[in-house]
J.: 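After the structure tokens below, expect a handful of questions from me.
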Amino acid sequence: MDSSKSTLERLGKIGIVPVVVLENADDAIPLARALMKGGLPCAEVTFRTDAAEESIRRIAKEFPEMLVGAGTVLTTDQADRAIAAGAKFVVAPGLNPKVVKHVLSKNIPMCPGTCTPSDIEAALDLGLNIVKFFPAEPSGGLKMIKALGSAYVNVKFMPTGGINAENIRDYLAYNKIFACGGSWMVKGELIKAGKFDEIERLVREAVEIVKEVRG
Ligand code: 3PG
């Protein structure tokens with residue numbers, strides 16, 4: 001199996017991808033440690049801050065077993081920087097064919113954002129059958145995913161945007177949900193306040209929900 005496929009399979013098994021915004025790369029290791037201790041060996045570090053690239057570099061070095069990826073990757077340049085820093089997967093809010101092709105050419109898995117049938121067909125055209133569904137709750141949530149899933153039978157979804165400890169059960173119970181993305185357990189204010197124990201607690205709670213729903 002190629003490494004790109006096994007990365008995705010591991011993410012799918014974990015079932016939750018924490019979406020992290022790090023303002024300060026010094027928070028990267030404590031955050032990654034809290035995720036690991038809580039039972040979530042993965043993270044999507046978003047390229048919304050200048051600290052993203054260095055944060056990915058530090059996490060990839062300190063926790064080589066962790067699946068650290070880059071989120072909000074909008075350009076091929078960001079993709080290159082993320083991959084060079086050690087990102088093992090790449091996520092974007094939308095589907096930019098140029099960025100998708102570029103990332104796939106490096107044998108790194110890419111999960112682009114979709115929220116319409118046309119987006120999904122563009123993803124299929126690029127050879128992808130696992131897509132992010134973003135922004136999930138404002139775009140119709142699980143009801144919309146089920147409608148899309150009945151038409152695109154081989155597509156799996158990673159809903160992100162508005163997922164939390166209350167509604168994640170319903171998403172995870174649908175067999176076309178690959179994993180759920182979200183920031184609820186790694187909120188920026190918790191990171192800024194250094195509340196890594198609280199993050200670990202929320203992560204543990206989220207992991208329990210996955211076990212409960214998926215067995
Ligand atoms: C984001 O855009 O920040 C991610 O999609 C996460 O969304 P959330 O903060 O609603 O979980």
Side-chain angles (χ1 to χ4, degrees), residues 8 11-12 14-24 27-28 31-32 34-35 38 40 42-53 55-56 59 67-75 78-79 82 87 89-96 99-100 103 109-116 119-120 123 128 130-145 148 156-172 174 177-193 195 198-210 213:
L8 283 182
L11 275 183
I14 295 168
I16 297 184
V17 179
V19 177
V20 188
V21 181
L22 285 162
E23 301 288 346
N24 183 344
D27 291 328
L31 187 267
L35 290 170
L40 265 188
C42 67
E44 175 190 324
V45 179
T46 59
F47 259 67
R48 293 178 204 174
T49 66
D50 291 340
E53 185 179 348
S55 298
I56 291 171
I59 295 172
L67 284 181
V68 61
T72 323
V73 171
L74 307 179
T75 65
Q78 286 178 331
F89 64 94
V90 173
V91 180
L95 191 153
N96 178 330
V99 176
V100 173
V103 172
M110 168 110 204
C111 196
T114 63
C115 75
T116 67
D119 295 340
I120 292 169
L128 301 177
I130 296 175
V131 294
K132 174 166 164 163
F133 178 68
F134 178 81
E137 283 285 299
S139 307
L142 188 56
K143 198 170 168 197
M144 177 69 164
I145 296 177
L148 292 167
K156 295 227 166 173
F157 299 88
M158 180 169 79
T160 308
I163 314 273
N164 55 46
E166 279 72 54
N167 61 15
I168 191 174
R169 277 186 183 77
D170 293 340
Y171 281 97
L172 288 172
Y174 180 45
I177 300 298
F178 166 74
C180 290
S183 68
W184 78 96
M185 74 299 259
V186 288
K187 286 271 174 237
E189 61 257 29
L190 293 176
I191 297 173
K192 268 185 219 126
K195 294 189 173 167
E198 173 66 1
I199 290 174
E200 186 185 326
R201 188 190 69 73
L202 292 168
V203 167
R204 210 176 288 281
E205 177 187 86
V207 171
E208 280 308 313
I209 297 173
V210 181
V213 179

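All ligand and atom numbering here is 1-based and tracks the order in the structure. Computed from a prediction, not measured in an experiment: that's the story for all the values here. Residue indices begin at 1 and follow the sequence shown.
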J.: Let me see the working for Ile177 and Phe133 under side chain to side chain contact (heavy atoms under 4.5 Å, CB included), right down to the final yes or no.
T.: CA-CA 10 Å; Ile177 300 298; Phe133 178 68; over 6 Å; no
J.: Can a non-hydrogen atom of Gly162 be found less than 4.0 Å from any atom of ligand 1?
T.: yes
J.: Got more than 12 heavy atoms from elsewhere within 6.0 Å of CG, Asn24?
T.: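 Check passes, neighbour count above 12.
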J.: Just to be sure I'm reading this right: ignoring hydrogens, which of Gly161, Pro159, Ser183 gets closest to atom 9 (O) of ligand 1? Compare them by their nearest heavy atoms.
T.: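 Answer by nearest heavy atom: Ser183.
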J.: Under 4.0 Å from a heavy atom of Gly182: which atoms of ligand 1 are those, numbered in the order shown and with their elements?
T.: 11 (O)
J.: When you compare the side chain of Lys132 with that of Val91, does any pair of heavy atoms fall below 4.5 Å?
T.: yes
J.: Please report the C-alpha distance between Glu208 and Arg204 in whole Å, then the side-chain angles of each, then the deciding distance to 0.1 Å, and finally whether the salt bridge (Lys or Arg N to Asp or Glu O under 4.0 Å) criterion is met.
T.: CA-CA 6 Å; Glu208 280 308 313; Arg204 210 176 288 281; over 6 Å; no
J.: Hey, which atoms in ligand 1 end up nearer than 4.0 Å to a heavy atom of Phe134?
T.: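 Once the distances to Phe134 are compared, the set is 2 (O), 5 (O).
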J.: Would you say Arg48 and ligand 1 have an N/O pair spaced under 3.5 Å apart?
T.: yes
J.: Please report which non-hydrogen protein atom sits nearest to atom 4 (C) of ligand 1, along with the residue it belongs to and the distance in Å to one decimal place.
T.: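 Checking every protein heavy atom, the shortest distance to atom 4 (C) of ligand 1 gives Thr160 CG2, 3.7 Å.
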J.: Does this structure show an ion pair linking Glu189 with Lys192, if we count only N-O contacts that are shorter than 4.0 Å?
T.: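 No, no charged N to carboxylate O under 4.0 Å.
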